[in-house]
**Q** 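Take a look at this one; I'll ask things after.
Chain naming here is simple, since letters A, B, ... match the order of the sequence lines and numbering starts at 1 in each.
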Amino acid sequence: MDDKDIVMAEKTEKLELPVTGMSCAGCARNVERALKGLSGVGEAVVNAATARATILFSPRLVSAEDLVRTVRDAGYDVAVAKADIAVEGIHCASCVKRIEQALLEKKGVLKAAVNLASGHVAAEYLSTEIRRDEIEAVIEAAGYKVLRIAGSEGEEDVEQAARRKEWTGLRTRFFLGLAFSLVILAGSMGRGLFFVPSFLGHPLVLWALATPVQFWIGARFYRGAWSAFKHRTADMNTLVAVGTSAAYAYSAAAAAAPGLFAAGGMRPDVYFDTSTVIITLILFGRLLEARAKGRASDAIRKLIGLQPSTARVRRGGGEAEVPLRDVVPGDIVLVRPGERIPVDGVVVAGKSFVDESMITGESRPVLKERDAEVIGATLNTSGSFEFRAVRVGQETVLAQIVRLVREAQGSKAPIQRLADVIAGVFVPVVISMAVLTFVVWFDFGPAPSLTLALLNFVAVMIIACPCALGLATPTAIMVGTGKGAENGILIKGGQSLETIHTITTVVFDKTGTLTKGRPEVTDLVALPSFSEDDILRRSAAVERKSEHPLGLAVIESARARGLAEAQASEFESFEGLGVQAAVEGRTLLIGNRRLMEERGVDAIALDAAAGRFAAEGKTPVFVAVDGAPAGLIAIADPLKDGAAAAVGRLRALGLETIMLTGDHRGTAEAAARAAGVDRWIPELLPRDKVEEIGRLQADGKKVAMVGDGINDAPALARADVGIALGTGTDVAMETADITLMSGDLGGVAKAIALSRRTIRTIKQNLFWAFFYNVIGIPLAAGALIPLWGIRLNPMLASAAMAFSSVSVVTNSLRLKRLRLKD
Amino acid sequence: MTAKILVTLAGLGLIAFVNVYFFPRKRRKA
C-alpha cells in the first residue's frame, strides 16, 4: 500500500491554501509536485489563476503547517493572515492551554499563542478556511470574552478600560465577601458575645447571608471549574467550587431539614462560615495578583506616547501643523530645536545633532546632515533641519518595535502555577476518597446508612478544600516583592519571581547596561614638554565653544580634576573632523587623525598610542598646539563600577553570560573582555536581539535579559525574565518584569537569590495549606468514630482553616528576615 | 444486599471514571 492508498483509507481533510508568488502554469505544477511529494497528501490541485491550492490530506500524517512549509520551501509563499485578539478572563496557565488547543483544533488555524500577561491571543490562520470572527467565536465558546475593537487606534485604551473593569469588579466582590464573611463568622462563632445579636446565629439567617457569596461573589469559581472540567483538567477553581459547594449544600440541608440529621444521630451543624471565608480569602489572593497584572500593557502605551501627535509639514508653499496620521511619505517635515522627530525619513536641508538613545541605546547624539536617515520619536537637540518623510504609520521603526514587543509578549511561554498543578492531582484524589467514604459507610456503617454515608461523603469534600491555598502563593510573592523593593529590586507581578530561579542564561545589553552609557575621558597621553593637565585644561576651553558630545566628556574630566577654566577665542569648527581655537595665546587643534593630516600636523608620535586605544574600543582624540602634536585624549564609554564583579558572581552561580550589542566589533569586544562575559555578539538590531534570545530558548535555555533602552524592549519582553535598569528608559522598565532601581547589576544575582527563597516559601506554604486538610480527611471520613467517637464538626473545620491560614501567612512573613548579600 | 452491591459498583465506577477522566494516559499533542 502506498501513501495514496493509506490516505484514501483514512479520514481525509480538504484544505485550501492561498498561494502567492505563482506567475505561470509551471509554477502551479511545481507547487503541486511539492505537495504531492509529502507523505500523507492524497491529492493536490493548484490553480494558478485563482492562486489556490486545494489539498486532500490525512491530518494524522501531515499538518496544515507542514503543507504551508512545503509551499514555502518550494519557493512560493502562502498568504497567512494574522490576528491579534484581546481577550478578557485569561487568568491561569490552563486557560492558555485551553484556548490554544481549542483554536488549533480548528481547520485553517496554523498557530495560536496566548499571552497570559497582556491577555492577547495571537493567531495565524488561512483566510480561505476560517475568518477572524470565527476564530473569535471559538475563543468565546471556550468560555472567554473577546474584546472587539473597531480600529487599531484606541486599542490599548479599550483594553485598559476592560482590565480596570475586571479589577474593580474583583475588588467590589472581595469587599462584599469580606463583609458577609465577618457577619457570618460572628453569627456562627460569636454566640454569647455582647455585640452579636442572637438571631444572627440562626441557620436560616446564615443560609440567607451565605447564598449571595456562594453564587454571585463566587460565580467565577463555578465558571472556571466548568471550563476546566470540559478540558479534562481540575485546577484551583475546581477545588474551590467543589469544596465550597459541598459545605454550602450540606449546611443548606442542615438548615432546611435538621430532622434528617437528627435521625442519623448527628447534630445539624452548618458550615456557612467555611464556604464564605474560603471564597473571600481566595478572592483576596486573586486581587493581589490582578493588581500586578494590570500593568503589562503600559509598556506599549509608553512607546506610542513617544511619538509627537502632530508634525510641521511644508504644504502648498507654507508650513502647516498636521496630525501625525496625515503625514504621508514624501512630505517635507520641519524639525525645530528640542522637538521630537515625528516619522522616519531622510534629511534634505539643515543639520543638527539628534539624540537617538531611546531607540539605539547609543548615548552620543548623532550628527544628522543632508541624506542622513532620521528615526521617528528620537529627540532633536540644538539645530533645526528639514527631512523628507519616508516611512509613516505602521512602517516606522517605532511601530516595528511596538509590534516586536507585542509579539514577544505573545510568544512568552506561561509557567504553570504550582497551586494549579497540585490542585489538578488533589481534586480527583479527594473526589475518589469521598466516594470511597460513601461506599464504605453505606456498605458497613450502622443505620441509617444512606444518611450517614451522604453526610460523611460531604464532610470529606468540605475538609479537603484548603482555604489557605489561595493565600499560599500571593502572600509569599507579596513579601518577596516587598523584600526586593527594600533592596532596590522592583518586581512586577509574581510570575517573574516564580521564574527567575530557573534561569540558565543571562543576556546583557552593552551600552548603558554593562557600561555607563556616557562617554568619559579614560586616558591621557602627553608628549614631552606638555603636561596632561595643561592639555586637558586648554582642550576643555575649546570644547566649551563646541557642541560636540565628545567635548562634554573633556569638559567633565577637566572639572573633575579641578583644573582652572581658560577662555578660548577665534573658534572654528571643521565638520566631521574637529575644532580649532586660540587659548591663552596658543592655537589648539583638536580632532581626529584626518584633521591632523589636513592641517599639516605630523602626528606619527601619537599613532602607537592611538592604535592601542582604538583596539581597546576607545575613541582617540588628537590634540596639537601651534601646529605641533601635543597629546591624545582617549574617550570611551567605560564599564560600570561593579559590572565585572556582577558578571563574575553570575558565572560563579553557574549561569552563562552573554553580551548583545548594536555596537561595532571593536568596541563590543573591548567591553566584553572587560566585563568578562562568556560570549558576545556585536552589530545587532533590536529584531536580531529578539531572535538571538529566541534561539537560546529553542536550545532549552531559560533566559534573563538585562537592558535599559527602547531598543532592548522587544528582547526584554521575549526573555523568560526581562530585567531593566532604573537608570534607563521608562519603556524598558515597563516592558521588563524586574527593574533594578539603582542600575547596579549586582541586583541580578540578588533577584535570583530572592526568587529561590520565595519559591521555597511558596512550596512550604502549599504544604501547610494542604497539611491540615489532608490530616482532616480521615477525620471527616469518620475513621475516628469507632475509636474515640470524634467526628468532623464546625469547630474542627474552622480550626483547621484558621491554623493553615495562620501557618501560611506566618511562613510568608519569615521571608522578611531574609538578608540579601552584596 | 443488592443495593450494597450496586452502590459499591457505582462507587468504584465513579472513582475509575474520575481518575481516567482527569489523568488521561496520553495527553493529546497540541
**Q** For each of B/Leu14, B/Val18, B/Val7, tally heavy-atom pairs with chain A at distances under 4.5 Å, and name the one with the top tally.
**A** B/Val7

**Q** Is A/Val427 in contact with chain B via its backbone, its side chain, both, or neither, using a 4.5 Å heavy-atom distance?
**A** neither

**Q** So how far is it from B/Phe22 CZ to A/Phe229 CZ, rounded to the nearest 0.5 Å?
**A** 5.5 Å

**Q** A/Leu436 versus B/Ile15: any side-chain heavy-atom pair under 4.5 Å?
**A** yes

**Q** Looking only at heavy atoms, which two atoms of B/Gly11 and A/Val439 are closest? And how far apart?
**A** CA-CG2, 3.8 Å

**Q** Kindly compute the distance separating OG (A/Ser432) from CZ (B/Phe17), expressed to the nearest 0.5 Å.
**A** 11.5 Å

**Q** Taking every non-hydrogen pair under 4.5 Å, which of A/Ala112, A/Ala453, A/Pro428, A/Gly424 racks up the most with chain B?
**A** A/Pro428

**Q** Could you look at A/Phe438 and say if it's the side chain, the backbone, both or neither that has a heavy atom under 4.5 Å from chain B?
**A** side chain

